[in-house]
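Right, one structure below, let's go through it.
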There are 2 protein chains.
Amino acid sequence: MIARCDDTRLVPKLTGRQPGCPVCPAFEHGLCEVAREGTWRSSDFLPNLVPQAEFTVRARRLIVHQQDFRDSVPIICSGWAATVELLPDGRRQVLSFLLPGDIVSAGLLFAPKPRRVVEAITEVRYRKYKRDELKKLLCKRPELLERLLKDWLAETTRADHLIVDLGRRSGEERIARLILGLVERLSQRDMVEDNPIAFEFPLRQRQIADAIGMTQVHVSKVFSDLRRNGLVRFRERILTILDLVALRRLASMG
Amino acid sequence: MIARCDDTRLVPKLTGRQPGCPVCPAFEHGLCEVAREGTWRSSDFLPNLVPQAEFTVRARRLIVHQQDFRDSVPIICSGWAATVELLPDGRRQVLSFLLPGDIVSAGLLFAPKPRRVVEAITEVRYRKYKRDELKKLLCKRPELLERLLKDWLAETTRADHLIVDLGRRSGEERIARLILGLVERLSQRDMVEDNPIAFEFPLRQRQIADAIGMTQVHVSKVFSDLRRNGLVRFRERILTILDLVALRRLASMG
DNA sequence: CGCTTCATTGATCAATCTCAACTCGCGTGG
DNA sequence: CCACGCGAGTTGAGATTGATCAATGAAGCG
């Protein structure tokens, strides 16, 4: 049984540990626990680090508007989101997909970015931290800073891969790589079933297209080919990988 | 008179401040001065931070080979270089161009990257720092860490722009933006003449192509158009911008 | 229900690639 | 000194990939 984003069993009450939390950097950092258990109040070096209450937004809505980055940094608790850069003429480019536990761009801790928006793909729960307070905390706790930099490095690495994909790979290759990249990240979060490999795949073709620099129509065609050739199956928002070997070959990932 | 990369007046002896230095992060950080003036020896928190002697490589040679990132971080003292990712089948993608004063990827401080190479575009002088020692130093001197993170942020921002360019802009747009982006960075280094805007442009069309995801042949054609339409002039490796307004319009940069 | 978004498919078009030929400048070795 | 080869750039013809346009059906949602 595959976990659905809208599965009510996965959207428990605010109290207690929530499903994304065990893999959430904020959780690992102890930020959540701190906030939840109230230790921050008694701690002298955490005077104000309370995440604003958890927010929920519905699919297709914006989590962060262009100016909202100014002073807070969101962390995804559950659901999928996308970091999108908007051009004045309406073109869009997805810079990254955000999964449960992802901080919305570690680099954002140091400065806001214009023209950028985070939009919910599924229903998304998230928390926000005040930039200043988070920064102050990081100065006090180098082990947290270290972890955050590691997250940032991973983010940078994914961005570099995307550059190579966009610059030098064909549409088919890019789609295959997108799928495999997501499988990998979802696996770390225990959101993939093995044997056969299957997972919920809430992306619309439009979002895929904006992520890999193609049109929605062309995404549809390439995707159909993958299905026709028996590499994947896609039904009811569940993507199943039927021929991993062929898919990896397509992606030139061995 | 425009500074040429191979101008001997710009390649003075190792002693004293060198041309790229005033804008070099290492210089600003005091790393160079420290090394040169020997203060690091007497300082208790800088036991071993000596940059290895300055290296020089000729154009088209590699500064960093695939494994060389393992334990040292290079900083460009003079000349242009490129960070290149190589695919097994020979395709290449330039991730960034490096100018005097650039650290070869701030993220590299925390982990090496495979498949990546830094190649000299012009003759390049550079220094290397030991990763461990540099890291240790940064822990001791938060103001240096702060600057480094700012550099990293700028790098990340450029990478994001490149993603948008590759995913969503036409060849003409990409070339115009590449030129304007370089003008901006070169200006900060006082390597651009105003009125008319002109600067040495040592990139080969192959390198441009690998940076913006096109073929060399097509770069040649687009570039020819720019010249034919009077937007730029290119003679003896000097690029002159004749119609900045039109170029910015092409780049949709206002 | 009725409407909007999403996906599929086919026809045509445009951007870009591939291949190929040719030029030019430069350095090298005979 | 010259022939030669090599890397770089230009140009044209034709092939390909992916975009655009359009029509239709299916699915999600108030």
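Below, chains carry the letters A, B, ... as their sequence lines are ordered, and counting in each starts from 1.
In this model, the phosphate group of dT17(D) is not approached by any side-chain N or O of Ser170(A) to a distance below 4.0 Å at OP1 or OP2. Contact annotation: Ser220(B) reaches the phosphate of dT10(D) (side-chain N/O to OP1 or OP2, under 4.0 Å). Taking only side-chain nitrogens and oxygens, Arg227(A) comes nearer than 4.0 Å to OP1 or OP2 of dT8(C). Between Arg228(A) and dT8(C) there is no side-chain N or O to OP1 or OP2 distance below 4.0 Å. The phosphate of dA8(D) (OP1 or OP2) has no side-chain N or O of Gln207(B) nearer than 4.0 angstrom. At the phosphate of dG18(D), neither OP1 nor OP2 sits under 4.0 Å from any side-chain N or O atom of Thr215(A). For dA27(D), the OP1/OP2 oxygens have no side-chain nitrogen or oxygen of Arg204(A) closer than 4.0 Å. Contact annotation: Gln205(B) side-chain N/O to dT10(D) OP1/OP2 distance is under 4.0 Å.
Separating the CD atom in Glu200(A) from the CD atom in Glu193(A) is a distance of 12.0 Å, to the nearest 0.5 Å.
Residues His218(B) and Arg60(B) both approach DNA chain D. Their nearest nucleotides, taken by heavy-atom distance, put Arg60(B) toward the 5′ side.
Distance CG (Asp225(B)) to C1' (dT10(D)): 12 Å, rounded to an integer number of Å. Going from atom CZ of Phe234(B) over to atom P of dG9(D) covers 7 Å, rounded to whole Å. Spacing between atom CZ of Arg206(A) and atom P of dA19(D) amounts to 13 Å, rounded to whole angstrom units. Rounded to whole Å, atom P of dA8(D) lies 15 Å from atom CZ of Phe201(B). Arg169(B) places its CZ atom 16 Å from the P atom of dA19(D), with the value rounded to the nearest Å. Here dT16(C) presents its P atom at 9 Å from CD of Glu172(B), a figure rounded to the nearest Å. Rounded to whole angstrom, the span from the CD1 atom of Ile121(A) across to the P atom of dG28(D) amounts to 17 Å. What separates CD of Gln216(B) from P of dT23(C) is a distance of 17 Å, to the nearest Å.
Arg61(A) CZ: 12 or fewer foreign heavy atoms inside a 6.0 Å radius.
Considering only side-chain atoms of Val217(B), the nucleotide from dT9(C), dG18(D), dT11(D) that sits closest is dT11(D). Comparing dG18(D), dG9(D), dT20(D) against the side chain of Arg237(B) picks out dG9(D) as the nearest. In the set dA19(D), dT11(D), dG9(D), the nucleotide with an atom closest to the side chain of Lys221(B) is dT11(D).
Between the side chains of Glu85(B) and Gln93(B), no donor-acceptor pair is found at a separation under 3.5 Å. Side chain to side chain, Glu173(B) and Ser252(B) meet the donor-acceptor criterion of an N or O pair below 3.5 Å.
You'll find the side chain of Trp80(A) reaches within 4.5 Å of the side chain of Leu99(A), heavy atoms only.
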